[in-house]
Amino acid sequence: VKSPADLKALRHLLRPPTRSQLAAFRERAGEIKTFARQRDVFVEGGWVEWGDAMLWLLGVEGLIFAQVDQPELIEELLQILFDYEQARIEILLDAGVDASVHRAWYEVTDFWTPAAYRRFLKPLLQREVHLVQDAGAFYTYIMTKGFAEHYTDFLDLGIDVLCGVDPVQGGADLAEMKAAIGDRICLWGGMNSHVTLGGGTEEEIRAAVRGAVSALAPAGGFVLFPVDQITLDMPARNVEILIDGWRRAGDGS
């Protein structure tokens, strides 16, 4: 996307699902919900990504410059993407997901100034939060760095979960974050996946677990998880150490 003239083609590409696609999705969603109820597990849906999609469509320089030079383009493109994703969220909520997940890896201050975030993104995020919560689901926001600049924004938005709390590659100050927002927002993460869990020693993994639980667990509102994820090539032994460390931390040993 270079100019407003490109948006007509984008609207044409962002089509709603067909009847057969919806039927296939609902069938699969029903299977997942049945599985989840039988095992008492949480079902997430979404990976909503209109903020991140702005960077994919405009490019890094294009996105940064347009915030100053073409604010009308930013607003119109965001609205197109938001409308598309809102329709997708409604389908997910109708399927009964427990949480709708919004990915914000590229909504950080590397690409959006705090002023631009609050002007362009925050009003739409607020609408999205209300849509999800009014349907009785939780709203999960994934951001893995640059947290401190947005503590007030997270509280204003009323998000339920901040996922991606990474003290290593994300530089999260766990104690500071708990004090700033941990009494109102569930913090999901607490340790690093690639560096700590994937390449750390047993003691480093156990120390990371103890540190995360010590800083973030008091008074609740914490889900221990290695950020970003556990991958198939992760050493199974390390995952076992993580789980054992979590159990020990939970019972005080």
request  = Go through the side-chain N and O atoms of His194 and Gln169 and say whether any donor and acceptor fall under 3.5 Å apart.
outcome  =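 The answer is no; no qualifying pair exists.
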request  = Indicate whether any N or O donor in one side chain lies under 3.5 Å from an N or O acceptor in the other, for Tyr117 and Glu149.
outcome  =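 No donor-acceptor contact under 3.5 Å links the two side chains.
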Can you find a heavy atom in the side chain of [X] that is under 4.5 Å from one in the side chain of [Y]?
X      : Y      : answer
Ser100 : Val48  : yes
Val132 : His102 : no
Pro71  : Arg119 : yes
Ile142 : Trp188 : no
Val209 : Asp244 : no

Report yes or no: do [X] and [Y] belong to one cluster of Ile/Leu/Val/Met/Phe/Trp/Tyr joined by side chain heavy-atom distances under 4.5 Å?
X      : Y      : value
Val223 : Leu174 : no
Val129 : Leu124 : yes
Val195 : Val227 : no
Leu63  : Val1   : yes
Tyr106 : Ile74  : yes

message = Using side-chain contact (heavy atoms from CB on, under 4.5 Å), reason through Leu78 and Glu75 one step at a time and then give a plain yes or no.
response = CA-CA 5 Å; Leu78 268 175; Glu75 290 174 343; 5.9 Å; no
Using a cut-off of 6.0 Å, state whether more than 12 heavy atoms not belonging to [X] lie near its atom [atom1].
X      : atom1 : value
Phe138 : CZ    : no
Arg28  : CZ    : no
Lys33  : NZ    : yes
Arg19  : CZ    : no
Tyr151 : OH    : yes

Positive for salt bridge (Lys or Arg N to Asp or Glu O under 4.0 Å) with Arg206, one of Glu202, Glu203, Glu204 =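 Passing option: Glu202.
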Output yes when a side-chain donor or acceptor of [X] lies under 3.5 Å from a complementary backbone atom of [Y], and no otherwise.
X      : Y      : value
Ser193 : Gln229 : yes
Lys122 : Asp156 : no
Arg88  : Trp47  : yes
Asn238 : Leu197 : yes
Glu44  : Thr140 : no
Asp6   : Ser3   : yes

Nearest heavy-atom pair of [X] and [Y]: which atoms, and what distance?
X      : Y      : result
Ile205 : Gly200 : CD1-O, 4.0 Å
Val165 : Leu187 : CG2-CB, 4.3 Å
Ile159 : Leu162 : CD1-CB, 4.3 Å
Lys178 : Gly221 : NZ-O, 4.5 Å
Pro4   : Gln70  : CD-NE2, 4.3 Å
Gly190 : Leu216 : CA-CD1, 3.9 Å

task = From the options Phe82, Tyr84, Phe120, select the one residue that forms a ring-ring contact (aromatic ring centres under 6.0 Å, His included) with Trp50.
result = Phe82
remark   = Exactly one of Tyr139, Phe147, Tyr141 clears ring-ring contact (aromatic ring centres under 6.0 Å, His included) with Phe154, and that residue is Tyr141
Rounded to the nearest 0.5 Å, how far does [atom2] of [Y] lie from [atom1] of [X]?
X      : Y      : atom1 : atom2 : answer
Leu224 : Leu242 : CG    : CG    : 5.5 Å
Trp112 : His150 : CH2   : NE2   : 11.0 Å
Met143 : Arg103 : CE    : CZ    : 12.0 Å
Trp105 : Asp110 : CH2   : CG    : 15.0 Å
Glu76  : Leu10  : CD    : CG    : 10.0 Å
Arg11  : Leu81  : CZ    : CG    : 10.0 Å

task = Assess whether side-chain contact (heavy atoms from CB on, under 4.5 Å) is satisfied between Leu131 and Arg127, documenting all intermediate values.
result = CA-CA 6 Å; Leu131 172 66; Arg127 288 173 56 187; over 6 Å; no
request  = Could you list all the side-chain hydrogen bond (donor to acceptor under 3.5 Å, both in side chains) pairs where at least one residue sits in residues 57-68, not counting sequence neighbours?
outcome  = none
request  = May I have the step-by-step check of salt bridge (charged side-chain N to carboxylate O under 4.0 Å, His left out) for Arg237 and Glu240, ending in yes or no?
outcome  = CA-CA 5 Å; Arg237 174 58 181 158; Glu240 292 170 356; 3.8 Å; yes
